[in-house]
Amino acid sequence: MTVYRRETNPGTSQPATHEQVVTPWDVQGSVTEDGKQSAIDYDKLIVQFGTRRVDDALLERFEKVTGRKAHPLMRRGMFFSHR
């Protein structure tokens, strides 16, 4: 079940704006001044957490080192970065 909340600034009818929040307990995209929620910015997460993007070159290297095909979820792009 997904619950959507619309928070407002106290004393106004304008929605509260905020940047994206990613913690172990909560994931929220940013909210603009007109109250629209934006998608998660994965490039910003890569910079924020100091990870590297999983690209084709990394997958090829992984397969060469292990001698096995990468996991199907890795090959399909379900993982976007690694540390």
Side-chain angles (χ1 to χ4, degrees):
M1 181 171 113
T2 304
V3 177
Y4 295 98
R5 295 180 302 177
R6 182 178 173 159
E7 298 176 359
T8 57
N9 289 329
T12 70
S13 61
Q14 295 296 325
T17 61
H18 62 79
E19 292 292 318
Q20 74 180 15
V21 175
V22 177
T23 68
W25 305 276
D26 193 23
V27 176
Q28 295 178 6
S30 61
V31 176
T32 61
E33 290 180 9
D34 58 356
K36 294 184 180 178
Q37 189 161 357
S38 303
I40 299 296
D41 183 358
Y42 290 101
D43 292 328
K44 187 174 181 179
L45 287 177
I46 289 171
V47 171
Q48 180 180 357
F49 291 105
T51 60
R52 266 186 58 202
R53 182 169 296 280
V54 175
D55 56 6
D56 291 336
L58 183 67
L59 287 175
E60 287 176 23
R61 180 173 174 232
F62 178 81
E63 290 176 357
K64 182 180 176 184
V65 169
T66 62
R68 302 178 72 188
K69 281 261 194 211
H71 191 279
L73 292 178
M74 289 180 70
R75 292 193 315 256
R76 292 178 186 155
M78 298 301 294
F79 298 95
F80 68 95
S81 72
H82 77 100
R83 193 166 226 192

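All of these numbers come straight from a predicted model, not from anything done at the bench.
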Peer 1: Please answer: with hydrophobic residues joined when any side-chain heavy atoms are less than 4.5 Å apart, are Val21 and Phe49 in the same cluster?
Peer 2: no

Peer 1: State which residue, out of Arg53, Met74, Arg52, Glu63, fulfils the side-chain contact (heavy atoms from CB on, under 4.5 Å) condition with Leu58.
Peer 2: Arg52

Peer 1: Just checking Arg75: does its CZ atom have more than 12 heavy atoms from other residues, nucleotides or ligands closer to it than 6.0 angstrom?
Peer 2: yes

Peer 1: Considering the options Asp55, Val54, Ile46, which one meets the side-chain contact (heavy atoms from CB on, under 4.5 Å) requirement together with Phe80?
Peer 2: Ile46

Peer 1: Do Val27 and Tyr42 sit in one hydrophobic cluster, given that two such residues count as connected whenever their side-chain heavy atoms are within less than 4.5 Å of each other, even indirectly?
Peer 2: yes

Peer 1: What pair of heavy atoms forms the shortest contact from Ser30 to Gln20, and how long is it?
Peer 2: CB-N, 3.6 Å

